[in-house]
Amino acid sequence: YGVFSASSKAYVATYSATPLPVTFLNFTATKQGTSDALLKWTTTMEENNKGFEILRSSDASNWTVVGFVSGAGNSQTQVNYQYTDMNLSSGTYYYKLRQVDFDNNSAFSKIAQVTIDGGLMLELLQNRPNPFTSTTIVGMVIPTAGRVQLLLYDQMGRQVQILMDEFKAPGTYQVQVNKNGLGSGIYYYKMNTMNQSLVKKMTVL
């Protein structure tokens, strides 16, 4: 607004506003796995956008830069981004984005919050590498102590290897699988534990 002295003179009021370089549609933080925070955000407009600094805090007051994601530059369409902050200790974490343009001007997003409780969930991970030629690694997360079986089957459903059959304490484990006499093709590995079965597919070259 403007205030002018009362008189017969004519006045012209000129207002200017600098548009925000990025329009955020959303920004969220969610727990992924047992100790990772998955950040996702969407923009609906970008102008001269260099990218986004990822800032993390444990008290919403003191912030540390933990990563950077490049922006689209100029865009008039919806753009989706994500970043994973990995291997966090148990606790509550706060995140915000510092959007930086190519002129080094910046603006902050709202704050997103996530709690990492450290609890383990039963998981059978995809083997890496996949496909493989000689050896590969299968990861498993065991939340409760007990007997764990890891079995390998061919496409006909025939058991071809026992990769593990032993008592395991809660934790994360890796099992090396060797090609040995396996022919090229698709195989299935199955984990039996806690009265549950999980199955994934692997490919041998």
Side-chain angles (χ1 to χ4, degrees), residues 1-4 10-132 136-141 172 174 198 200-203:
Y1 61 90
V3 178
F4 305 95
Y11 297 89
V12 175
T14 302
Y15 301 91
S16 64
T18 301
L20 294 175
V22 166
T23 300
F24 288 100
L25 180 62
N26 55 51
F27 174 47
T28 62
T30 56
K31 177 185 173 185
Q32 185 178 55
T34 59
S35 60
D36 298 343
L38 176 62
L39 311 181
K40 291 185 177 182
W41 64 99
T42 301
T43 64
T44 56
M45 185 281 293
E46 298 184 26
E47 182 177 341
N48 199 34
N49 179 29
K50 182 178 180 180
F52 307 88
E53 281 186 346
I54 316 298
L55 292 94
R56 181 182 70 207
S57 173
S58 58
D59 57 10
S61 296
N62 300 296
W63 299 89
T64 301
V65 177
V66 296
F68 183 84
V69 175
S70 297
N74 296 289
S75 172
Q76 298 297 321
T77 60
Q78 184 170 301
V79 182
N80 299 313
Y81 297 92
Q82 70 176 44
Y83 177 86
T84 303
D85 196 14
M86 303 177 67
N87 300 320
L88 298 169
S89 301
S90 297
T92 297
Y93 296 90
Y94 304 88
Y95 292 91
K96 65 181 178 180
L97 305 173
R98 177 175 175 260
Q99 182 277 321
V100 184
D101 66 23
F102 287 102
D103 298 321
N104 290 322
N105 296 315
S106 63
F108 289 96
S109 72
K110 70 173 186 177
I111 294 175
Q113 176 182 336
V114 63
T115 297
I116 305 297
D117 56 20
L120 298 178
M121 297 182 297
L122 182 65
E123 291 185 85
L124 177 62
L125 306 178
Q126 185 63 54
N127 65 296
R128 296 181 179 275
N130 186 50
F132 71 99
T136 188
I137 298 294
V138 172
M140 301 180 297
V141 180
T172 301
Q174 292 186 333
L198 301 176
K200 285 190 177 295
K201 179 172 65 175
M202 67 170 58
T203 302

Partners meeting ring-ring contact (aromatic ring centres under 6.0 Å, His included) with Tyr81 (sequence neighbours left out)
Trp41, Phe52
Which heavy-atom pair separates Val22 from Gln99 by the least distance, and what is that distance?
CG2-CG, 3.5 Å
Which atom pair, heavy atoms only, marks the closest approach of Lys201 to Asn127?
O-OD1, 3.7 Å
Which atom names give the shortest non-hydrogen contact between Ser75 and Val79, and what distance separates them?
OG-CG2, 3.6 Å
Measuring from Gln126:CD to Ile137:CD1, what's the distance to the nearest 0.5 Å?
13.0 Å
If you apply the rule side-chain contact (heavy atoms from CB on, under 4.5 Å), what do you find for Leu97 with Ile54, and how did you get there?
CA-CA 5 Å; Leu97 305 173; Ile54 316 298; 3.5 Å; yes
Closest heavy-atom pair, Tyr83 versus Val69, reported as atoms and distance to 0.1 Å, is CD1-CG2, 4.0 Å
Calculate, to the nearest 0.5 Å, the distance between atoms CZ and OG1 belonging to Phe132 and Thr203 respectively.
8.5 Å
Can you measure from NZ (Lys96) to CZ (Arg56) and round to the nearest 0.5 angstrom?
14.0 Å
Are Asp36 and Met86 side-chain neighbours, meaning at least one heavy-atom pair lies under 4.5 Å?
yes
Could you walk me through whether Val114 and Thr28 pass the side-chain contact (heavy atoms from CB on, under 4.5 Å) test, one step at a time?
CA-CA 9 Å; Val114 63; Thr28 62; over 6 Å; no
Lys31: which residues meet the salt bridge (Lys or Arg N to Asp or Glu O under 4.0 Å) condition with it, sequence neighbours left out?
Asp117
Nearest 0.5 Å please: distance from the CD atom of Gln113 over to the OG1 atom of Thr30.
13.0 Å
Can you tell me how far OH of Tyr93 sits from CG of Leu39, rounded to the nearest 0.5 angstrom?
13.0 Å
Is there a side chain to side chain donor-acceptor pair (under 3.5 Å) between Ser57 and Asn62 once you walk through the steps?
CA-CA 6 Å; Ser57 173; Asn62 300 296; over 6 Å; no
Value for CG (Leu198) from CG (Leu125), rounded to nearest 0.5 Å, stands at 10.0 Å
